[in-house]
K.L.:
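For reference, the structure I am asking about is given below.
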Protein chains: 2
Amino acid sequence: MNEPIRLAVSTVILALHPDPETGALVLRTPLVRRQREPFLDSWALPGGWVHPDESLEASAATSLLDTTGVRPRYLEQLYAFGDVDRAPSRVVSIVYWALVGGRETIAVPDDFNVRWFRVDDRPRLAFDHDRILEYALWRLRNKVSYSRIAQGFLPERFTLAELRAAHEAVLGRPLDPANFRRQIAGTDQVLPTDAMSTGGRHRPARLYRTNPALGFADNGPLSPR
Amino acid sequence: MNEPIRLAVSTVILALHPDPETGALVLRTPLVRRQREPFLDSWALPGGWVHPDESLEASAATSLLDTTGVRPRYLEQLYAFGDVDRAPSRVVSIVYWALVGGRETIAVPDDFNVRWFRVDDRPRLAFDHDRILEYALWRLRNKVSYSRIAQGFLPERFTLAELRAAHEAVLGRPLDPANFRRQIAGTDQVLPTDAMSTGGRHRPARLYRTNPALGFADNGPLSPR
DNA sequence: ACAAAAGTGTTGCGCCTACACCCATGC
DNA sequence: GCATGGGTGTAGGCGCAACACTTTTGT
């Protein structure tokens with residue numbers, strides 16, 4: 001009766017994909033189909049057990065790579081969930097959340113066992129994973145407004161309009177282009193390049209890149225290793 | 001060689017105590033002396049193993065009660081530390097941080113095995129506990145400036161000057177009394193009472209109490225149970 | 001009367017919002 | 001030319017920091 005507590009890691013993986021119809025960016029997350037009871041055939045967050053010789057963050061990165069085949073642009077611990085009754089046996093889950101670029105994931109696993117869902121139009125998840133996903137989205141929406149986190153969704157070079165579209169997709173409301181430009185370009189959080197985005201039927205837009213000297217967020221005394 | 005990972009809970013407990021000489025408030029935390037190797041006789045954060053039938057938060061509250069004899073005014077999960085080499089055997093620690101009222105703790109354990117230290121004048125701690133404590137202080141200082149968290153240090157009724165002193169002690173810098181008053185009393189985060197603080201050799205100050213309808217901080221979709 | 005802290009008034013600066021306006025490109 | 005988004009200018013408002021000033025107590 002005194003079995004040891006088992007330690008799991010789960011990861012909320014988030015990407016922005018253009019809607020095939022409207023072209024607007026939507027937040028999507030990959031979920032995995034459960035292969036056993038409980039919650040057989042339900043969708044759940046990707047994850048796995050923590051191995052004795054693997055750090056928590058490494059475990060999260062591993063489950064992420066197994067599910068999506070890509071490496072995260074940003075990875076942060078979200079919370080440790082440990083209520084006694086959250087699963088039939090006692091499992092404590094350390095949950096991470098990650099951002100991955102949209103391009104890299106557009107062609108990756110989307111089959112019977114792994115599927116990308118819109119976060120605002122998803123099935124009911126196994127265990128307490130709905131609550132976990134909601135919390136991750138809350139953190140993301142908060143963090144977008146006071147950090148450079150949204151750059152984690154974008155490719156290496158991007159226009160300010162693309163960055164603004166990412167913010168708008170996360171926040172769910174339009175932002176003033178003029179003011180957004182000043183708030184971003186007025187700081188050193190992005191660096192202008194010499195290249196311009198051409199091809200649209202309008203004036204070309206300057207391409208920017210993320211400032212490599214800065215992290216996407218300030219985690220205080222917790223350096224990423 | 002494939003032993004299970006052990007799960008521990010530690011708690012950073014924080015209180016504001018008046019300095020016996022100057023009377024100014026200082027942040028203090030109780031530490032426990034280690035009774036065994038490794039780090040025998042070093043000071044460490046209070047904590048213990050997680051029991052199979054106890055939630056993480058309950059474990060934290062238990063270790064807190066054992067150490068200080070008081071119940072926390074505020075308790076929040078800080079972070080899960082799980083690097084492979086942070087202890088001789090594999091231990092993952094879920095760390096909480098807690099605020100306790102100064103009055104209640106002024107007469108509590110301060111003996112050979114448990115001692116209250118000023119956070120800015122403390123011995124070097126066992127394991128990675130220095131880093132953990134620094135992170136807790138960083139979170140506290142952040143949260144003080146955008147939440148009602150500082151009220152967790154105060155008794156049931158308090159003057160705005162006492163609340164300001166708590167903020168100043170945490171932030172380490174003086175605040176303008178006039179502006180502080182407006183920022184606090186202009187909102188509903190404290191409620192005025194009819195009582196006044198008398199006895200000082202100056203004009204009496206109104207006593208306030210915390211608004212019971214509000215939590216000390218907004219934890220988003222994570223309600224405290 | 002005086003010191004000390006409670007509490008109010010006021011002014012100036014900076015940031016943010018809203019929105020008008022010009023620029024450069026594709027068609 | 002016209003439509004479209006890129007990019008600049010600017011005026012109003014709000015909040016905050018700084019600090020002068022009045023009020024009420026103890027000694």
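To find a chain, count down the sequence lines: A is the first, B the second, and so on, and within it residues start at 1.
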K.L.:
If I take atom CD1 in residue A/I184 and atom P in nucleotide C/dT17, what distance separates them, rounded to the nearest angstrom?
P.N.:
12 Å
K.L.:
Among D/dG26, D/dG6, C/dA24, which nucleotide sits nearest the side chain of A/P204?
P.N.:
C/dA24
K.L.:
Taking the six-membered ring for Trp, are the ring centroids of A/Y74 and A/W97 within less than 6.0 Å of each other?
P.N.:
yes
K.L.:
So, is the end of the A/R86 side chain (NZ or CZ) under 6.0 Å from the ring centre of A/F81 and within 45° of the ring's axis?
P.N.:
no
K.L.:
Give the rounded distance in Å between these two atoms: CZ of B/F158 and P of C/dA6.
P.N.:
14 Å
K.L.:
Please determine, for the side chain of A/D176, which listed nucleotide (D/dC16, C/dC16, C/dC19) has the closest atom?
P.N.:
C/dC19
K.L.:
Give the rounded distance in Å between these two atoms: CZ of B/R201 and P of C/dA6.
P.N.:
14 Å
K.L.:
Rounded to whole angstrom units, what separation is found between the CG atom of A/L160 and the C1' atom of D/dT8?
P.N.:
14 Å
K.L.:
Within the structure shown, what part of the strands sits under 4.0 Å from A/A161 by heavy-atom distance: base, sugar-phosphate, or nothing?
P.N.:
sugar-phosphate
K.L.:
What is the distance from CD of A/E162 to C1' of D/dG5, rounded to the nearest Å?
P.N.:
13 Å
K.L.:
Quickly work out the A/R173 CZ to C/dA18 C1' distance and round it to whole Å.
P.N.:
14 Å
K.L.:
From CZ of B/R206 over to P of D/dT24, roughly how many Å is that when rounded to an integer?
P.N.:
12 Å
K.L.:
A/G200 or B/T159: which one's nearest nucleotide on DNA chain C is closer to the 5' end?
P.N.:
B/T159
K.L.:
Measure from the side chain of A/R203, starting at C-beta and using heavy atoms only, and say which of D/dG7, C/dA18, D/dC19 lies closest.
P.N.:
D/dG7
K.L.:
Is there a donor N/O on one and an acceptor N/O on the other, under 3.5 Å, for the side chain of B/R182 and the base of C/dG9?
P.N.:
yes
K.L.:
Out of D/dC16, D/dG9, D/dG6, which has the shortest distance to the side chain of A/R181?
P.N.:
D/dG6
K.L.:
Answer yes or no: does a side-chain N or O of A/R164 lie under 4.0 Å from OP1 or OP2 of D/dG6?
P.N.:
yes
K.L.:
From the list C/dA4, C/dC19, C/dG9, which nucleotide is the closest neighbour of the side chain of B/A178?
P.N.:
C/dG9
K.L.:
Of all the nucleotides listed (C/dC16, D/dA17, C/dA6), which has the minimum atom distance to the side chain of A/Q183?
P.N.:
C/dC16
K.L.:
Could you tell me the separation between the CG atom of B/N179 and the P atom of C/dC13, rounded to a whole number of Å?
P.N.:
16 Å
K.L.:
Nearest to the B/M196 side chain among C/dA4, C/dC16, C/dG7, which nucleotide is it?
P.N.:
C/dG7
K.L.:
Between A/F153 and A/R73, is there a cation-pi geometry (under 6.0 Å to ring centre, at most 45° from the normal)?
P.N.:
no
K.L.:
Give a yes or no on whether a salt bridge exists between B/R209 and B/E162, defined as a side-chain N under 4.0 angstrom from a carboxylate O.
P.N.:
no
K.L.:
Sequence neighbours left out, what pairs pass ring-ring contact (aromatic ring centres under 6.0 Å, His included) with at least one residue falling in residues 163-194 of chain B?
P.N.:
B/H167-B/F180
